[in-house]
Amino acid sequence: MAEYIKFKVPAKQVSETKGVGNLIEKAEEEGVKTAWHRFLEQQPQCGFGLLGICCRNCNMGPCRIDPFGAGPTKGVCGADADTIVARNILRMIAAGAAAHSDHARDIVHVFKGAATGEFKGYRLTDVEKLKGLAQILGIDIEGKSESEIASEVAHILELEFGKPDDEPLKLLMATAPKKRIKVWERLGVMPRAIDREICECMHRTHMGVDADPASLLLHGVRTSLADGWSGSMMATYLSDILFGTPKPIKTTANLGVLKEDYVNIIVHGHNPILSMKIAEVAQSEEMQKLAKKYGAKGVNVAGMCCTGNEVLVRLGIPPAGNFLMQELAIITGAVEAMVVDYQCLMPSLVDVAGCYHTKIITTEPKAHIPGAVHIEFKPEKADEIAKEIVKIAIENFQNRPKERVFIPKHKSEVVAGFSVEAILEALGGTLEPLINALREGTIKGIVGVVGCNNPKVKHNHSHVTLTKELIKRDILVVGTGCWGIAAAMHGLLTPEAAKMAGEGLRAVCETLGIPPCLHMGSCVDCSRILIVLGALAEALGVDIPDLPVAGSAPEWMSEKAVSIGTYFVASGVFTHLGVVPPVLGSQKVTRLLTDEIEDLLGGKFYVEPDPVKAAETIYNVIIEKRKKLKWPV
Ligand code: XCC
Ligand code: SF4
């Protein structure tokens with residue numbers, strides 16, 4: 001249904017990415033609203049919310065603190081701005097950690113079923129990685145079958161969620177550097193069980209429990225550590241074992257990957273369990289034939305957001321866009337089905353799809369969208385269900401409004417799939433060449449750039465600008481999530497992009513034949529960045545805060561990003577945020593997060609919306625770290 005569009009979007013100015021502006025214009029002509037339109041309708045956004053000083057945690061409220069000090073300074077219960085801001089942030093961390101880790105839980109379930117042979121559609125693909133994981137978890141693998149080893153691994157990992165004792169998380173103990181573990185032990189923030197820490201966040205923030213901002217934030221640290229070093233880590237490990245550890249793979253990215261004469265299916269969400277199947281089934285001869293019967297040349301699968309990254313790094317499925325482009329893909333008029341699992345799915349997809357022929361297919365019992373077709377995915381019937389979904393898409397091809405199809409032609413070449421294993425292989429099997437390049441200063445440092453899009457920021461502008469500014473300064477950029485897709489669409493993920501890098505980084509990239517920006521996968525794959533950091537620190541005999549590294553989330557929006565940012569900081573990383581988090585209502589919390597936390601954990605947050613300034617500061621931080629290591633600057 002066409003809608004009245006109250007505010008027009010300055011289409012050519014809201015994005016750095018080619019094709020986006022054209023589709024926003026098309027949307028307006030056709031009476032379709034996008035996130036940018038709704039963002040304008042939301043202006044001005046609530047000042048209390050932006051500052052983090054509204055509380056709805058009990059029904060004496062909602063309570064708001066007057067940021068100017070003239071009105072109320074406390075809620076009905078007496079909670080002040082510090083308590084309220086800290087509690088709100090803790091709840092964001094809890095939600096983010098829950099999203100990542102619940103995703104991990106689903107993967108463990110399938111992994112276990114693959115191990116026992118119960119889920120016939122899945123198998124253990126990377127057995128080397130399975131054995132490696134078993135060994136670091138302390139499992140004796142001598143004489144055991146793959147299935148036995150996997151079952152034991154699954155048993156330990158299942159317990160990570162809810163084991164009843166106070167022992168630290170096993171996967172964290174197996175993967176985090178010893179020096180870090182000591183720091184966390186001293187602070188009393190070693191996580192015990194993933195669900196428990198998340199549950200405790202909810203308990204502490206309930207009316208009348210924890211009122212001390214420092215204590216609240218430290219629990220946030222603990223919860224985020226459970227996410228990074230166990231929940232997300234587990235999702236990465238097990239996805240690699242099930243579907244293969246990513247290796248460099250070539251494809252293209254941007255809306256131009258949609259094909260006019262083909263049935264286009266977009267997989268969107270986060271979990272690879274279904275998206276990998278859809279990609280596999282869609283490419284089968286049977287489905288390609290069926291598509292021809294319906295007048296198409298075949299079936300084309302494209303990705304969106306992180307499930308898009310999962311199939312990109314393993315199968316070379318081209319991403320059609322990142323977070324803010326999900327509606328635009330439908331607005332092309334050329335998408336027969338968008339198959340979603342969970343996280344980062346705008347409920348508006350159904351409204352937009354209503355103006356075209358696209359079917360939005362939800363598949364997860366925990367993620368329904370009113371108006372979507374719901375086909376519940378069950379791993380025991382993976383192939384059947386994937387087939388059913390692909391068929392629906394194919395049959396929908398005949399309903400495509402041909403006269404309204406417009407696919408922007410733009411797409412860029414991409415090499416993605418840099419797992420830690422792939423990076424090691426590119427380096428010739430050891431970290432030594434990278435360490436030497438860092439030590440000599442050929443590469444000045446490494447920055448992990450991750451995270452979303454946010455209409456508060458010019459779409460992809462901060463991702464791309466910050467990245468270019470960093471590589472120009474001989475800083476190797478690694479990253480995940482929607483950053484990865486932004487970098488892909490802007491040509492930063494090709495070996496040729498080395499031309500945009502400083503002399504030193506350029507030489508290293510050219511010798512190794514790698515891009516100056518390495519796409520490591522989806523958001524849960526930020527765990528791969530942790531592994532790299534840990535390995536570098538251990539190899540150099542230092543702790544992570546000593547390394548010339550930093551993190552950045554230039555356009556973040558999701559609560560998962562808050563959890564990621566926090567575990568980066570807790571792991572000792574200087575972490576830049578390009579969008580202001582809702583903490584400014586409390587000077588105390590702001591100071592804790594952007595300053596004092598560094599004394600405790602070695603990392604801290606740094607907030608700067610301007611990507612050029614941010615790059616400059618990050619560079620300076622890296623130079624300081626180099627000086628402390630007595631490395632040339
Ligand atoms: Fe953010 Fe994580 Fe979502 Fe993209 S998909 S919008 S969380 S970057 Ni992972
Ligand atoms: Fe208000 Fe306190 Fe209730 Fe929050 S917990 S809504 S501040 S009374």
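Ligands are counted one by one from 1 in listed order, and the atoms in each one are counted from 1 as well. Below, each value reflects all heavy atoms present in this structure, side chains not excepted, and no hydrogens, waters or symmetry copies. From a predicted model like this one, the values you see are computed outputs, not experimental measurements.
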Worksheet item: Do any pairs count as a ring-ring contact (aromatic ring centres under 6.0 Å, His included) and have a residue in residues 554-573, sequence neighbours left out, and if so which ones?
Response: none
Got a donor-acceptor contact below 3.5 angstrom from the [X] side chain to the [Y] backbone?
X	Y	answer
S101	A104	no
H219	E197	yes
E310	S522	no
R204	L216	no
Q326	S348	no

Worksheet item: Any luck finding a side-chain donor-acceptor pair between D106 and Y342 under 3.5 Å?
Response: yes
Discussion item. Under 3.5 Å, is there a donor on one side chain and an acceptor on the other for E555 and N454?
Written reply: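 No, N454 and E555 have no side-chain donor paired with an acceptor closer than 3.5 Å.
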Discussion item. Tell me which one of D240, T236, T480 satisfies side chain to side chain donor-acceptor pair (under 3.5 Å) with R528.
Written reply: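 Of the listed options, the one satisfying the test is D240.
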Worksheet, complete the sentence: Near atom 2 (Fe) of ligand 1, meaning under 2.8 Å, the protein N/O/S atoms are C523 SG
Item to complete: Anything protein N, O or S sitting under 2.8 Å from atom 4 (Fe) of ligand 2: count it and give me the total.
Response: 1
Worksheet item: Can you list the ligand 1 atoms lying under 4.0 Å from a non-hydrogen atom of H270?
Response: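 The list of qualifying atoms is 3 (Fe), 5 (S), 9 (Ni).
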Item to complete: Go through the structure and list residues passing side chain to side chain contact (heavy atoms under 4.5 Å, CB included) with V313, not counting sequence neighbours.
Response: P246, A416, H519
Worksheet entry | Any M557 heavy atom less than 4.0 Å from ligand 1 |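 Yes.
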